[in-house]
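Notes to accompany the following structure.
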Amino acid sequence: MTQPEASAEPQRNEFRSRLLAWFDEHARDLPWRRTGDPYAIWVSEIMLQQTRVAAVLEHYDRFMGRYPTLRALAAAPEDDVLAIWSGLGYYRRARMLHKAAKFVVDELGGVLPQSAIALKKLPGIGEYTSAAIASIAFGEAAAAIDGNVERVLTRVLGWDEKTALPGRLREEAARFLAQSRPGDFNQAMMELGATVCLPRSPLCLQCPVQPQCATRGEHATGERPKMKSRQAAYAFLRRVSSRRVPEVLLVQRPKDAALMPGMWELPAIDPETAPAERRLLDVRHSITVTNYYVTVYGYEPGEEHVLSFSGGAGRWVRASQLLEIPLTGLTRKVLKRLKALPGYTARQQQVRLENVTPELSR
DNA sequence: AACTCGTGGAT
DNA sequence: TATCCAAGAGT
């Protein structure tokens with residue numbers, strides 16, 4: 001339960017000033033903190049949903065370079081947006097961001113709503129994201145509660161995270177929020193959770209608000225679903241066209257697939273009957289609660305008939321075009337390891353299958 | 001309310 | 001190596 005001392009306003013005031021001073025000193029220099037553009041902040045918040053800063057950094061500048069404005073994004077075909085998003089995961093986020101951008105341009109004159117309540121009406125913007133954008137971009141005193149904030153607050157208050165009621169947590173978050181700098185305060189809470197108040201081994205000695213904390217690290221979390229393991233296999237076929245242009249065979253996932261609908265990947269094959277002598281590489285790839293142990297096998301052009309595609313027909317895609325279509329993250333990773341993606345020299349691209357060294361799993 | 005969606009670095 | 005887990009949202 002709440003400790004009376006911890007909920008007193010003077011204590012919260014001390015907490016705010018200490019946290020903000022720490023943030024002023026230690027805030028990471030991130031691209032979306034160098035802008036006041038609400039659109040740029042919106043994009044960052046969507047990318048950051050359930051995604052680590054490091055992963056977002058690898059995509060954010062490329063996305064903003066391609067779609068520097070809300071109108072540029074709204075004008076793009078969805079497949080192009082998905083291609084840029086490829087590798088980031090949770091592809092529905094990209095679809096909803098794109099859909100929302102089109103709605104803002106078509107129905108709202110291209111002006112992003114400024115209040116948390118209005119923002120929340122847009123697809124992909126929920127309780128957390130609406131408060132984050134409203135506070136960071138527009139200075140609204142809305143408390144943004146993500147996993148970090150939830151952990152920091154329950155620790156500070158001495159609550160059991162498993163039994164903390166969402167309503168009570170929202171109340172408490174609103175009390176803590178620094179009205180003078182709501183955007184910085186929200187970011188500071190998340191920054192503290194991400195870099196100091198860590199889930200497993202919190203760095204309490206480095207914590208600026210340790211004196212205001214009821215638990216100083218003790219923290220019980222709920223049960224997690226057990227990881228499952230599964231084998232998977234894919235075929236890699238490359239050919240060189242009459243114009244000496246390298247091409248790779250890809251198949252499109254069904255439009256109604258639950259997982260990554262409409263995106264492109266290498267042809268899946270039966271891992272049981274795959275020919276061991278053709279093994280090119282092994283990769284581990286985890287999707288939600290399943291660890292996939294993936295083996296990629298090399299085939300020669302003309303052998304397509306031995307493959308049984310579960311989905312539609314295959315398509316030969318020019319290597320130079322691979323980054324222009326929506327690839328699944330796994331496919332992108334495999335093609336990168338096989339040096340089949342653009343960005344390599346022509347000579348490297350023409351590496352023969354037998355020269356690709358199998359990467360042995362350890 | 002419980003599930004589901006991706007990915008890769010950390011532990 | 002297996003598991004954890006991250007600036008959630010939609011259904």
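In this structure, A:Leu30 places its CG atom 11 Å from C1' of C:dA7, rounding to the nearest Å. Atom-to-atom, CE of A:Met190 to C1' of C:dA7 comes out at 5 Å; the value is rounded to the nearest Å. One can place CE of A:Met96 at 11 Å from C1' of C:dT11, the figure rounded to the nearest angstrom. Computed from coordinates, the A:Ile287 CD1 to B:dG8 C1' distance equals 12 Å when rounded to whole Å. At whole-Å resolution of the value, CZ in A:Arg92 and C1' in B:dT4 are 7 Å apart. Atom CZ in A:Arg95 sits about 15 Å away from atom C1' in C:dA9, given to the nearest Å. Put simply, CG on A:Leu198 is 18 Å from P on B:dG9, counting in whole angstrom units. Between the CZ atom of A:Arg253 and the P atom of B:dC5 there is a distance of 10 Å, rounded to whole Å.
You'll find that the side chain of A:Val53 is closest to C:dA7, out of B:dG9, C:dA7, B:dT4. Comparing C:dA6, C:dA9, B:dG8 against the side chain of A:His285 picks out B:dG8 as the nearest. Of all nucleotides listed (B:dT7, B:dT4, C:dC5), C:dC5 comes nearest to the side chain of A:Arg52. Here the nucleotide nearest the side chain of A:Asn148, chosen from B:dG6, C:dA6, B:dG8, is C:dA6. For A:Arg200, the listed nucleotide lying nearest its side chain is B:dT11; candidates were C:dA7, B:dT11, B:dG6. When the nucleotides B:dT7, C:dA2, C:dA9 are ranked by their closest atom to the side chain of A:Ser286, B:dT7 comes out on top.
Of the residues in residues 59-70 of chain A, not one comes within less than 4.0 Å of DNA chain C through any heavy atom. Near DNA chain C, meaning a heavy atom under 4.0 Å away, the residues from residues 128-146 of chain A are A:Tyr128, A:Thr129, A:Asp146.
Using a 4.0 Å cut-off between charged side-chain N and carboxylate O, A:Asp79 and A:Arg95 make no salt bridge. Under the 4.0 Å criterion applied to side-chain N and carboxylate O atoms, A:Glu191 and A:Arg28 are assigned as salt-bridge partners. A:Arg170 and A:Glu150 are not joined by a salt bridge, as no carboxylate oxygen comes within less than 4.0 angstrom of a charged side-chain nitrogen. For A:Arg151 and A:Glu161, the salt-bridge test fails: no basic side-chain N is under 4.0 Å from an acidic carboxylate O.
Rounding to the nearest 0.5 Å places CG of A:Leu330 at 5.5 Å from OH of A:Tyr234.
If you check every strand for non-hydrogen atoms under 4.0 Å, A:Trp85 touches nothing. The residue A:Asn291 sits close to a base: some heavy atom pair falls under 4.0 Å. As judged by a 4.0 angstrom heavy-atom cut-off over every strand, A:Met47 is placed among residues making no nucleic acid contact. Within 4.0 Å (heavy atoms only), A:Leu88 reaches at least one base atom of the nucleic acid. Among the heavy atoms of the strands, none lies under 4.0 Å from A:Tyr292. A:Gly87 comes within 4.0 angstrom of the backbone, heavy atoms only, and of no base. Residue contacts shown for A:Arg33 include a base, since a base heavy atom lies under 4.0 Å away. Counting non-hydrogen atoms under 4.0 angstrom, A:Arg284 reaches a base of the nucleic acid.
Across C:dA7 and B:dA10, the matching P atoms stand 14 Å from one another, rounded to whole Å. To the nearest whole angstrom, the two C1' atoms, one in B:dA1 and one in C:dG8, are 16 Å apart.
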Whenever both distances are under 3.5 Å in a Watson-Crick or G-U wobble pair, mark it; put DNA chain C into dot-bracket that way, with [ ] for crossing pairs and | when the partner is on another strand.
-> .|||||.||||

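More than 12 non-hydrogen atoms from other residues, nucleotides or ligands lie less than 6.0 angstrom from NZ of A:Lys333. For CZ of A:Arg318, the number of neighbouring non-hydrogen atoms (other residues, nucleotides, ligands) closer than 6.0 Å is 12 at most. Enclosure of atom CZ in A:Arg62 by more than 12 non-hydrogen atoms of other residues, nucleotides or ligands within 6.0 angstrom is indicated.
Contact annotation: the side chain of A:Phe103 approaches that of A:Leu122 to within less than 4.5 Å [non-hydrogen atoms, C-beta and beyond]. In this structure the side chain of A:Tyr67 never reaches within 4.5 angstrom of the side chain of A:Leu97, judged on heavy atoms.
Interface remark: the A:Arg93 side chain does not form any donor-acceptor pair with the B:dC5 base, using a distance-only criterion of under 3.5 Å. In this model, no side-chain donor or acceptor of A:Thr328 finds a partner on the base of B:dG6 within 3.5 Å. One N or O donor and one acceptor, one from the side chain of A:Thr51 and one from the base of B:dG6, sit under 3.5 Å apart.
A cation-pi arrangement, defined by a distance under 6.0 Å to the six-membered ring centre and an angle within 45 degrees of its axis, is present between A:Arg315 and A:Trp264.
Connection of A:Val104 to A:Ile117 is not established within any shared hydrophobic cluster, with ILVMFWY side chains joined at heavy-atom distances below 4.5 Å, either directly or through further cluster members.
At C:dA6, none of the side-chain N or O atoms of A:Gln50 fall inside 4.0 Å of OP1 or OP2 (strictly under the cut-off). Taking side-chain N and O atoms only, A:Lys333 has no distance below 4.0 Å to OP1 or OP2 of B:dT7.
Of the possible donor and acceptor atoms, one in the side chain of A:Arg278 sits under 3.5 Å from a partner among the backbone N and O of A:Gly298.
Comparing A:Glu45 and A:Leu122 against DNA chain C, the residue whose closest nucleotide sits nearer the 5' end is A:Glu45.
Between A:Phe176 and A:Phe15, the ring centre distance stays below 6.0 Å.
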